**Q** 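I'd like to ask you about the structure that follows.
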Amino acid sequence: METKVYKINDIEKDFWAIDEAAALIRQGQVVAFPTETVYGLGANALDGQAVDRIFKAKGRPNDNPLIVHVSRRGDIEPLVLEAPPETHALMEAFWPGPLTIILKKSGVVPHETTAGLSTVALRMPNHPIALALIERSGVPLAAPSANTSGSLSPTTAQHVLEDLSGAIPMILDGIYPCRVGLESTVLDMSGENPIILRPGGITPGMLKEVLRCVDLDESILKPTDPRHSPRSPGMKYKHYAPRAQVVIFKGSSLEMMADKINDALDEYLGRGLKVGILASDETLSHYSQGEIISMGSREDPAAIATGLYASLREFDKAGVDIILAEWVEEEEEGLAIMNRMIRAAGFHVVDTSR
Ligand code: TXA
Ligand code: MG
């Protein structure tokens, strides 16, 4: 099938494109659209057959549930059995925005959307095109990131096209790259205590201002234990990965980290490999060989998050075999950055301080 790409420069003037996309959604089709985090691949969340089309287009394992996107807070009511009082404070503080809230689901949400779970993940994105599309469709949109399963999430329409051209009928192109750049924070509110299953733009510190307590799932910086079924099925898959192999270097000082990366660089270059270095503004001057990309300043982890996937895609374009990446402090936005980098690296971390 031909994939139409509609550029939306002005939401009012280009509303016909949103109307066309909404018509496709109502017919049970899928459409890619921008959000403030990453591009999503949306379908009617209440139509199991439409949702199946998302899984097919992405090649996504069907035991991995989808996030349901709404355009108004009140729209979650028919979708959930119950919402603890704190949910309202969370929505008040962070919606629209990069926070996904998991609640016990009602019978309205089909099992295809939640992969058979008794809970549903809900989010109100903070992006005018996403909100207009949901509103015009008149239904909540199930939407995972608009990439082929296992690869990097797209932060531009071009990225979506690289993965899904020919597999989906339409992409709405939001002109600006996604502002947050990493997928939303996934917070499970369906149990005793709130638990962050996937870190994102809404950081633990921000959540603590609203919640009495918030736990971190143990698999955020570690592989999920194969003996337990993971709380967030998505976390068990190799994920967020560029084609090149990624190795992360952690050190007690930036100098030590850069030295070890340079040692590894020499070795890989000696073997005839093409090597990428994911550096930071603070360490750039330590490197002189290989494909060097700075992820930005360590002082501004939110900006590192915004550009991370695009940088990893750059290395793939440059055709590198291996990416030597620096660790960043897993504080605030840094936790989401390291959660994604560690998975991109298949948990391969060299700790140079030992
Ligand atoms: O920012 C985002 O969240 C983007 C944009 C498009 O909104 N969406 C996104 O969706 O990242 P996806 O499908 O790539 O990731 C959804 C994550 C997966 O790790 C999935 O396992 C988890 O949320 N999830 C969804 N429903 C869940 C549920 N009921 N219980 C536990 N985890 C759930
Ligand atoms: Mg995804």
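Remember, it's 1-based here, ligands and their atoms both numbered in the order they're listed. Being a predicted model, the structure only gives us computed values, none of them experimental.
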**Q** Is it the case that over 12 heavy atoms from other parts of the model lie below 6.0 angstrom from the CZ atom of F15?
**A** yes
**Q** Enumerate the atoms of ligand 1 whose separation from the nearest heavy atom of I102 is less than 4.0 angstrom.
**A** 27 (C), 28 (C), 30 (N), 31 (C), 32 (N), 33 (C)
**Q** Considering the heavy atoms of A121, write down every atom of ligand 1 situated less than 4.0 Å from one of them.
**A** 25 (C), 26 (N), 27 (C)
**Q** Would V139 end up clustered with L122 when hydrophobic side chains under 4.5 Å apart are linked, directly or stepwise?
**A** no
**Q** With heavy-atom distances below 4.0 Å as the criterion, list the atoms of ligand 1 near N64.
**A** 18 (C), 20 (C), 21 (O)
**Q** Between E282 and S297, do the side chains contain a donor N or O and an acceptor N or O under 3.5 Å apart?
**A** yes
**Q** Which of these passes side chain to side chain contact (heavy atoms under 4.5 Å, CB included) with E36: S184, P98, P96?
**A** P98
**Q** When only distance counts, is R123 in polar contact with ligand 1, meaning an N/O pair under 3.5 Å?
**A** yes
**Q** Can you name the residues that form a side chain to side chain donor-acceptor pair (under 3.5 Å) with D300, not counting sequence neighbours?
**A** none
**Q** Near L117, which atoms of ligand 1 are under 4.0 Å from a heavy atom of that residue?
**A** 28 (C), 29 (N), 30 (N)
**Q** Between E82 and K104, is there a salt bridge with N-O shorter than 4.0 Å?
**A** yes
**Q** For ligand 1, is T114 a contact, meaning one of its heavy atoms is under 4.0 Å away?
**A** no
**Q** Scan for ring pair (Phe, Tyr, Trp, His ring centres under 6.0 Å) pairs involving residues 83-123, sequence neighbours excluded, and state none if there are none.
**A** none
**Q** Mind checking whether S184 contacts ligand 1 via backbone (N, CA, C, O), side chain (CB onward), both or neither, at a 4.0 Å heavy-atom cut-off?
**A** both
**Q** Using a 4.0 Å cutoff against the non-hydrogen atoms of T37, which atoms of ligand 1 qualify?
**A** 1 (O), 2 (C), 4 (C), 5 (C)
**Q** Answer whether the closest heavy-atom distance between the side chains of I171 and S165 falls below 4.5 Å.
**A** no
**Q** Does K105 have a heavy atom less than 4.0 Å from any atom of ligand 1?
**A** no
**Q** Tell me whether A143 reaches ligand 1 (any heavy atom closer than 4.0 angstrom to a ligand atom).
**A** yes
**Q** For the Mg ion (ligand 2), decide whether N147 has an N, O or S atom at a distance under 2.8 Å.
**A** no
**Q** For atom 11 (O) of ligand 1, which of E36, H69, R198 has the closest heavy atom?
**A** R198
**Q** Within the 4.0 Å heavy-atom shell around S145, which atoms of ligand 1 are there?
**A** 8 (N), 9 (C), 10 (O), 12 (P), 14 (O)
**Q** At a 4.0 Å threshold, what atoms of ligand 1 neighbour a non-hydrogen atom of G40?
**A** 6 (C)
**Q** Given that the side chain starts at C-beta and the backbone is N, CA, C, O, which of these parts of T119 lies under 4.0 Å from ligand 1, counting heavy atoms, or is it both or neither?
**A** both
